[in-house]
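Report on one structure; see the data block that follows.
Just follow the structure's listing: the first ligand is 1, and inside any ligand the first atom is 1.
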Amino acid sequence: MFRALRTFAPLVVTIACPIFAGAQQVPVVSPDQVWSDLAAGNQRFVLGKTAPHDVRAQRQVLSKTQHPHVAVLSCSDSRVPPELVFDTGLGDLFTVRTAGEDDDPISIGSLEYAVEHLGSTVILVMGHQSCGAVTAACSGGKSESINLDAVLSPIAPSCAQMDAKHPETLDLAVRDHVHRVDQEVVAKSHVLKKAVDEGKLTIIEAYYSLDTGLVTKLR
Ligand SMILES: [Zn+2]
């Protein structure tokens with residue numbers, strides 16, 4: 001997917017790598033270009049014409065380092081794997097997945113790692129059609145598990161956006177939750193806020209349609 005992306009930018013930045021001593025030269029790619037590459041990969045996925053991925057060659061190239069331009073925070077739903085949805089190869093996406101794309105400390109810490117140490121310049125927060133976590137959170141029922149409650153309770157504020165009498169309005173809660181997560185990852189992380197303020201990080205909100213396979217950029 002990112003063949004063009006890797007040859008696109010003439011600029012490089014230097015980042016500290018905690019795993020391998022020494023500075024790492026990372027190509028700088030504009031957020032627009034990153035989204036353009038993601039959208040192109042998604043279009044291939046939608047059409048069922050995904051690109052061949054030489055995983056053996058990619059594995060060898062990536063055995064000692066990684067510089068994913070994009071960190072994805074998305075739902076664990078088995079139908080929405082980011083690497084397939086965007087037709088990417090090894091090393092393209094740093095992926096953080098929880099049911100309902102929660103922004104708990106572990107998720108945010110993982111995103112900080114991608115931005116600070118791997119050179120990711122875009123975070124993609126992605127929700128999806130008919131999300132089971134959002135459905136459960138908005139059902140009003142009480143879970144018998146404190147762990148499941150921890151998954152559902154962060155979603156609850158977005159349920160006000162839907163009409164409980166009309167389940168088809170669930171999408172409004174899904175999209176609102178994506179937006180809240182976008183705002184919260186910055187509010188909860190001085191590392192990510194600093195990167196945004198310095199123009200080194202862009203956060204993109206997106207929505208995946210189970211019906212069509214299409215990912216729509218929300219903002
Ligand atoms: Zn989901």
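Ring geometry for Tyr208 versus Phe45: interplanar angle of 30 to 60°, hence tilted.
Neighbours of the Zn ion (ligand 1) restricted to protein N, O or S atoms under 2.8 Å: the count is 3.
If you check the gamma sulfurs of Cys159 and Cys138, they are less than 2.5 Å from each other.
For Gln129 (side chain) and Asp211 (main-chain N/O), a donor-acceptor pair under 3.5 Å exists by modelled atom type. Thr169 places no side-chain N or O within 3.5 Å of a backbone atom of Met162 that could act as its donor or acceptor partner. Of the possible polar contacts, none joining the Arg219 side chain to the His179 backbone as a donor-acceptor pair under 3.5 Å is found.
Within 6.0 Å of CD1 on Ile146 lie no more than 12 heavy atoms contributed by other residues, nucleotides or ligands.
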